[in-house]
Amino acid sequence: MTAESAPELIRTATARGVTTLTLDSPGNRNALSRALMTQLLDALAEAADDDAVRTVVLAHTGPVFCSGADLAETAAAYAGTAEMPAAMLGDLLGAVWDFPKPTVARVGGAARAGGLGLIAATDIAVVAEDATFAFSEVRLGVVPAIISAPVLRRVAPRPAAELLLTGEVFDGLRAAEIGLATRAVPAAEVDEAVAEYTDALTCGGPIALGATKQLLRRPAGPTVRAELDDLTALSVAYFGSDEGREGVTAFKEKRPPAWTPED
């Protein structure tokens with residue numbers, strides 16, 4: 001199958017600065033096939049390069065957000081007729097983690113294995129309270145190696161050990177409790193909660209948001225004093241930037257800043 005004839009597995013829609021990338025492969029529970037991951041990587045690259053895009057939402061069709069690696073494709077790889085899909089999962093999770101704009105996961109249904117890595121790689125994750133999750137790798141005799149990079153930066157060591165070792169199923173409330181998700185809400189309120197976050201995110205200056213994402217991932221300095229010196233220089237630079245000047249001026253003039261998306 002050529003790239004031109006491959007089915008569209010990622011749907012893209014943009015409104016008021018928010019681009020929603022929807023996993024649209026419900027027939028295999030939005031499994032991470034090489035085709036889906038390739039299309040999602042392409043869509044992320046386009047959104048990163050588009051100045052009109054202020055934030056990206058990862059959503060899904062069907063009752064499952066993402067079931068993890070495409071096991072049918074994995075079986076074909078064993079037979080030597082396909083490439084192992086897990087081999088490109090690191091590229092996808094890295095692209096989401098390092099995405100230069102805020103990302104939000106909209107999770108209205110179940111997620112397993114690699115799907116949890118995708119959730120952990122986003123900046124903000126809204127999940128349905130009754131959605132189910134599991135690090136199911138060990139029950140297949142494999143290791144949750146790739147997804148551990150973002151997951152262990154979100155989840156505390158004790159619940160991480162419990163859930164990665166047992167593969168037990170847990171719900172959205174537990175996902176929020178352990179830090180895998182930002183917020184768990186009733187299923188009927190997921191879209192409203194996502195909109196609250198995207199509305200808030202588009203109020204921020206685009207350059208400031210990107211810099212704040214880097215700040216959140218910044219390693220601690222050798223001493224508090226050295227760190228404060230570096231951060232003081234960073235803060236002064238942004239206050240003096242064109243975006244900083246516009247934000248302060250807009251606040252003083254009681255008007256929306258120039259970067260506010262139009263209705």
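Note: hydrogens, waters and symmetry copies are ignored here, and every other heavy atom, side chains too, is used.
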Exercise for review: Output yes when Glu73 and Arg34 qualify as a salt bridge under the 4.0 Å nitrogen-oxygen rule, no when they do not.
Suggested key: no

Review point. Which atom pair, heavy atoms only, marks the closest approach of Ala59 to Thr20?
Key: CB-CG2, 3.9 Å

Check your understanding: Atom CE of Met88 and atom CG of Leu93: how far apart are they, to the nearest 0.5 Å?
Key -> 11.0 Å

Point to revise | Minimum-distance pair of heavy atoms, taken over all atoms of Gly204 and Leu209 | key: O-CD1, 3.7 Å

Study note, to complete from the structure: Between Pro85 and Thr74, the two heavy atoms sitting closest are CG-OG1, 3.5 Å

Exercise for review: For Arg255, look at atom CZ and say whether over 12 heavy atoms of other residues, nucleotides or ligands are found less than 6.0 Å away.
Suggested key: yes

Check your understanding: Are Leu215 and Tyr238 linked, directly or through other ILVMFWY residues, by side chains that come within less than 4.5 angstrom of each other?
Key -> yes

Only distances under 3.5 Å count here; give the side-chain donor-acceptor pairs of residues 134-152 to other protein atoms, sequence neighbours excluded, each with its distance to 0.1 Å.
residue: Arg139; atom: NE; partner: Thr166; partner atom: O; Å: 2.9
residue: Arg139; atom: NH2; partner: Thr166; partner atom: O; Å: 2.9
residue: Arg139; atom: NH2; partner: Glu168; partner atom: OE2; Å: 3.0
residue: Ser148; atom: OG; partner: Ala145; partner atom: O; Å: 2.6

Point to revise | Heavy-atom side-chain contact between Arg54 and Thr19 under 4.5 Å | key: no

Review point. Does the pair Arg112 and Thr132 meet the rule for a side-chain hydrogen bond (donor to acceptor under 3.5 Å, both in side chains), with working shown?
Key: CA-CA 8 Å; Arg112 297 289 186 271; Thr132 64; 3.2 Å; yes

Review point. From Ser235 OG over to Asp230 CG, what is the distance, rounded to the nearest 0.5 angstrom?
Key: 12.5 Å

Point to revise | Side chain Asn30, main chain Val64, donor-acceptor under 3.5 Å | key: yes

Check your understanding: Of the non-hydrogen atoms in Cys203 and Asp199, which two are nearest, and what is the gap between them?
Key -> SG-O, 3.4 Å

Review point. Do side-chain atoms of Thr61 reach the backbone of Leu23 as a donor and acceptor pair under 3.5 angstrom?
Key: yes

Revision key, fill the gap. Rounded to the nearest 0.5 Å, the CG atom of Leu163 sits from the CG atom of Leu180 at a distance of 9.0 Å

Study note, to complete from the structure: The side-chain contact (heavy atoms from CB on, under 4.5 Å) partner of Val126 among Val107, Val185, Asp191, Ile119 is Val185

**Study point:** Gap between atom CZ of Arg154 and atom OG1 of Thr182 - 0.5 Å precision
**Key:** 7.5 Å

Review point. Going only through I, L, V, M, F, W and Y residues with side-chain contacts under 4.5 Å, is there a path from Val127 to Val56?
Key: yes

Point to revise | side chain to side chain contact (heavy atoms under 4.5 Å, CB included) evaluation trace for Thr22 with Ile10 | key: CA-CA 5 Å; Thr22 302; Ile10 301 296; over 6 Å; no

Check your understanding: For the side chain of His60 and the backbone of Asp24, is there at least one donor-acceptor N/O pair under 3.5 Å apart?
Key -> no

Check your understanding: Do Leu58 and Phe133 share a hydrophobic cluster (ILVMFWY, side-chain heavy atoms under 4.5 Å, transitive)?
Key -> yes

Review point. CZ of Arg174 to CG of Asp171: how many Å apart, nearest 0.5 Å?
Key: 9.0 Å

**Study point:** Backbone N/O of Pro7 and side chain of Gln39: donor-acceptor pair under 3.5 Å
**Key:** yes

Review point. Honestly curious: do Val104 and Val53 fall in one hydrophobic cluster under the side-chain, below-4.5 Å linking rule?
Key: no

Review point. Checking side chain to side chain contact (heavy atoms under 4.5 Å, CB included) for the pair Val236/Leu234: CA distance, chi angles, key distance, verdict?
Key: CA-CA 6 Å; Val236 169; Leu234 181 67; over 6 Å; no

Check your understanding: Between the main-chain N or O of Ala258 and the side-chain N or O of Glu246, is there a donor-acceptor pair closer than 3.5 Å?
Key -> yes

Review point. Within a strict 4.5 Å, meaning less than it, do heavy atoms of the Thr122 and Val96 side chains meet?
Key: yes

Revision key, fill the gap. What one should report as the nearest heavy-atom pair of Met37 and Leu32 is CE-O, 3.4 Å

**Study point:** Check: Arg225 and Asp229 side chains under 4.5 Å, non-hydrogen atoms
**Key:** yes

Review point. Nearest 0.5 Å, what's the CG-OG1 distance between Asp50 and Thr14?
Key: 7.0 Å

Point to revise | Atom of Ala120, atom of Trp97 and distance for their closest heavy-atom approach | key: O-CZ3, 3.8 Å

Exercise for review: Apply side chain to side chain contact (heavy atoms under 4.5 Å, CB included) to the pair Thr223 and Glu227, showing each step before the final yes or no.
Suggested key: CA-CA 6 Å; Thr223 66; Glu227 192 168 0; over 6 Å; no

Exercise for review: Verify the neighbour count for atom CZ of Arg245: are there more than 12 heavy atoms of other residues, nucleotides or ligands below 6.0 Å?
Suggested key: no

**Study point:** Thr55 vs Tyr197 side-chain heavy atoms within contact, under 4.5 Å
**Key:** no

Point to revise | Listed partners of Glu243 passing side-chain contact (heavy atoms from CB on, under 4.5 Å), at least two apart | key: Pro206, Ile207, Ala208, Ser241, Trp259

Check your understanding: Are Pro63 and Arg29 close enough that some pair of their side-chain heavy atoms sits under 4.5 Å apart?
Key -> no

Point to revise | Non-hydrogen side-chain atoms of Arg106 and Phe65 separated by less than 4.5 Å | key: no

Revision key, fill the gap. Contacts of Asp123 meeting side-chain contact (heavy atoms from CB on, under 4.5 Å) (sequence neighbours excluded), chain-then-number -> Pro102, Thr103, Lys213, Arg217

Review point. Is there side-chain contact between Leu44 and Leu21, with at least one heavy-atom pair below 4.5 Å?
Key: yes

Check your understanding: Do the side chains of Thr202 and Thr260 get nearer than 4.5 Å, heavy atoms only?
Key -> no

Practice item. Keeping the roles fixed (side chain from Thr232, backbone from Leu228), state whether a donor-acceptor pair exists under 3.5 Å. Key: yes

Review point. Phe99, Leu40: one ILVMFWY side-chain cluster at the under-4.5 Å cut-off?
Key: yes

Point to revise | Arg183/Glu196 salt bridge by N-O under 4.0 Å criterion | key: yes

Review point. Given the rule in the side chain to side chain contact (heavy atoms under 4.5 Å, CB included) test, do Ser33 and Leu9 qualify, once you have shown the distances and angles that lead to the verdict?
Key: CA-CA 10 Å; Ser33 64; Leu9 304 177; 4.1 Å; yes

